[in-house]
Number of protein chains: 2
Amino acid sequence: MSRYGHYGGLPAPSSLMERPYAPMPPETLTPARILETTEDVLRRYGPAKATVVDVARALGVSHGSVYRHFGSKAALREAVTQRWLDQSHTALSAFADAEGPAEPRLREWLAGLFAAKRHKAGDDPELFATYMVLVGENSAVVDRHIETMIEQLARIVEGGVRDGEFIAVDPAPTARAIWDATNRFHDPAYAAEWFRPGIDAAFEAVCDLVLRGLRRA
Amino acid sequence: MSRYGHYGGLPAPSSLMERPYAPMPPETLTPARILETTEDVLRRYGPAKATVVDVARALGVSHGSVYRHFGSKAALREAVTQRWLDQSHTALSAFADAEGPAEPRLREWLAGLFAAKRHKAGDDPELFATYMVLVGENSAVVDRHIETMIEQLARIVEGGVRDGEFIAVDPAPTARAIWDATNRFHDPAYAAEWFRPGIDAAFEAVCDLVLRGLRRA
DNA sequence: GGACTGACAGATATTGAAATCTGTCAGTCC
DNA sequence: GGACTGACAGATTTCAATATCTGTCAGTCC
């Protein structure tokens, strides 16, 4: 039943400090392992049914042990949300920090974000729905994530302004305006629309409008 | 208890056809009167509790009589939604059909839409929440409403292109792009953000970006 | 005869008792 | 002595019985 449970007759590890950077044996309870198992439980049971007791059971420990690492169920779910959002950052920062002209970089960043979100939503709709719930529960984490995304945008805009490719705008508020204007193509609440015919044309149209507003004539 | 109920000893009207365009006496059951009462019941009990029986009770008739005019509860709610959305059209079409340069008209149309929505949300949050639920139930009605709004936008854009004020764009898809880009400022799902500090600056920034993308350099 | 009623079947919502879960902590076990 | 357990109180969820609602229609009443 459990993917990690019943570590049955195995002896508990005695000295873990011999090789400080070696991977922890699966018998050691760490935040990372709890997080992984929580994702697993969430995936299986869904956000409504997944309980701390389920996570503990899957790990083969008592739920009291889980509370030793995460102060509350909310904190545990928040950490899972954080983890998931962090993945999104990394992939896109490549575009933000690349060399070359700003316009295609901005286009690719926006298209990359849209494509990534759409894949997440399409490849495993159930898991996506689960994360939609978590995201709804953790607006503070999400707000921070959004700020990071807008900072990436601002870096691209700043580059474009510096190179004279874009008109002289204030990068930070402009980045926010770009984020807001493309809202429909990254807010998961609109995921259902991302699979309608004509969505790519609509995305292109908004991108064109935004980029025309930025380009030095 | 009921605002309309107990029309007690009054005799039923005998001949209604004498003056065809006279206002119906309140004792006559008409779709319009049912709609009004339904709005009232919705306002009082909220979308979850308001029932067809409640509406009938408020009208002082049996619920069977309500079903004579509206085939189902869903149809009744849909009609209420339609009615509400129709009000939004009318106010803004003034901007869409006005004379003068397109840029300020477009700006005022967008600002007018945002202001109207924000007032609806702020003046009576409970009623707004009620209509949010109705709107969620009636996506077909909402989709039609959105098409009408985009048509109004397209008329402004077309005027701007004709007068050489805007660059030569295809009005219909451009209007849709403008609608999409300003999404955050008209989709009621974001109502909570409309009262955060800085929202007006964010709105202006998106408007500026969009209008710069339209203006002939 | 056409507007309206009210009883009805099936669907949906409410309720309260029982089960489960969250979060704590004194105590156990290396 | 620090990681872990398991019993516990209070909060939350589940489940099944009960009540209410939706939609229909034969029948009533001007």
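Lettering of chains follows the sequences in order, A, B, ..., and the numbering in each one begins at 1.
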Nearest-nucleotide 5' precedence on DNA chain C, A/Y67 against B/H69: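 Looking at the nearest nucleotide for each, B/H69 comes out on the 5' side.
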Please figure out whether B/A48 or B/R68 has its closest DNA chain C nucleotide nearer the 5' end.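 It is B/R68, whose closest nucleotide lies nearer the 5' terminus.
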Considering all heavy atoms of both residues, which atom of A/A177 and which atom of B/V206 are nearest to each other, and what is their separation?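 Closest approach of A/A177 to B/V206, heavy atoms only: O-CG2, 3.7 Å.
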When you measure only distances, ignoring hydrogens and angles, does the side chain of A/H63 come within 3.5 Å of the base of D/dG6 through a donor and an acceptor?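 Answer is no: no donor-acceptor pair is held.
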Which nucleotide, if any, forms a Watson-Crick or G-U wobble pair with [N], using both distances under 3.5 Å?
| N | result |
| --- | --- |
| D/dA11 | C/dT20 |
| D/dT18 | C/dA13 |
| C/dC30 | D/dG1 |
| D/dC25 | C/dG6 |

Given atom [atom1] of [X] and atom [atom2] of [N], what is their separation to the nearest angstrom?
| X | N | atom1 | atom2 | value |
| --- | --- | --- | --- | --- |
| B/Y45 | C/dA13 | OH | C1' | 17 Å |
| B/K49 | C/dT15 | NZ | C1' | 12 Å |
| A/L29 | D/dG2 | CG | P | 17 Å |
| B/R33 | C/dC4 | CZ | C1' | 14 Å |
| A/R57 | C/dT22 | CZ | C1' | 14 Å |
| A/F70 | C/dT24 | CZ | P | 15 Å |

Pick base, sugar-phosphate or nothing for [X], based on heavy-atom distances below 4.0 Å to the nucleic acid.
| X | value |
| --- | --- |
| A/S62 | base |
| B/V53 | base |
| A/T51 | sugar-phosphate |

Evaluate the ring planes of B/F203 and B/F185, with Trp represented by its six-membered ring, and classify them as parallel (under 30°), tilted (30 to 60°) or perpendicular (over 60°).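 The arrangement is perpendicular - the two ring planes meet at more than 60°.
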Using the six-membered ring wherever Trp is involved, compare the ring planes of B/H89 and B/H145 and label them parallel, tilted or perpendicular (cut-offs 30° and 60°).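 B/H89 vs B/H145 ring planes: tilted.
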Among C/dT22, C/dG23, D/dG23, the nucleotide that comes nearest once only the side chain of A/S72 is considered: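 In terms of side-chain proximity for A/S72, the closest of C/dT22, C/dG23, D/dG23 is C/dG23.
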From D/dT22, D/dT5, C/dT22, nucleotide with atom closest to A/K73 side chain: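 Among the listed nucleotides, the one closest to the side chain of A/K73 is C/dT22.
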Select from B/D54 and A/S65 the residue whose nearest nucleotide in DNA chain D is closer to the 5' end of that strand.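 Of the two residues, A/S65 wins.
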Indicate yes or no: at least one non-hydrogen side-chain atom of A/V141 is less than 4.5 angstrom from one of A/V135.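 No, every pair of side-chain atoms sits at 4.5 Å or beyond.
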Less than 4.0 Å between a side-chain N and a carboxylate O, is that true for B/R118 and B/D200?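 Result for this pair is yes, salt bridge flagged.
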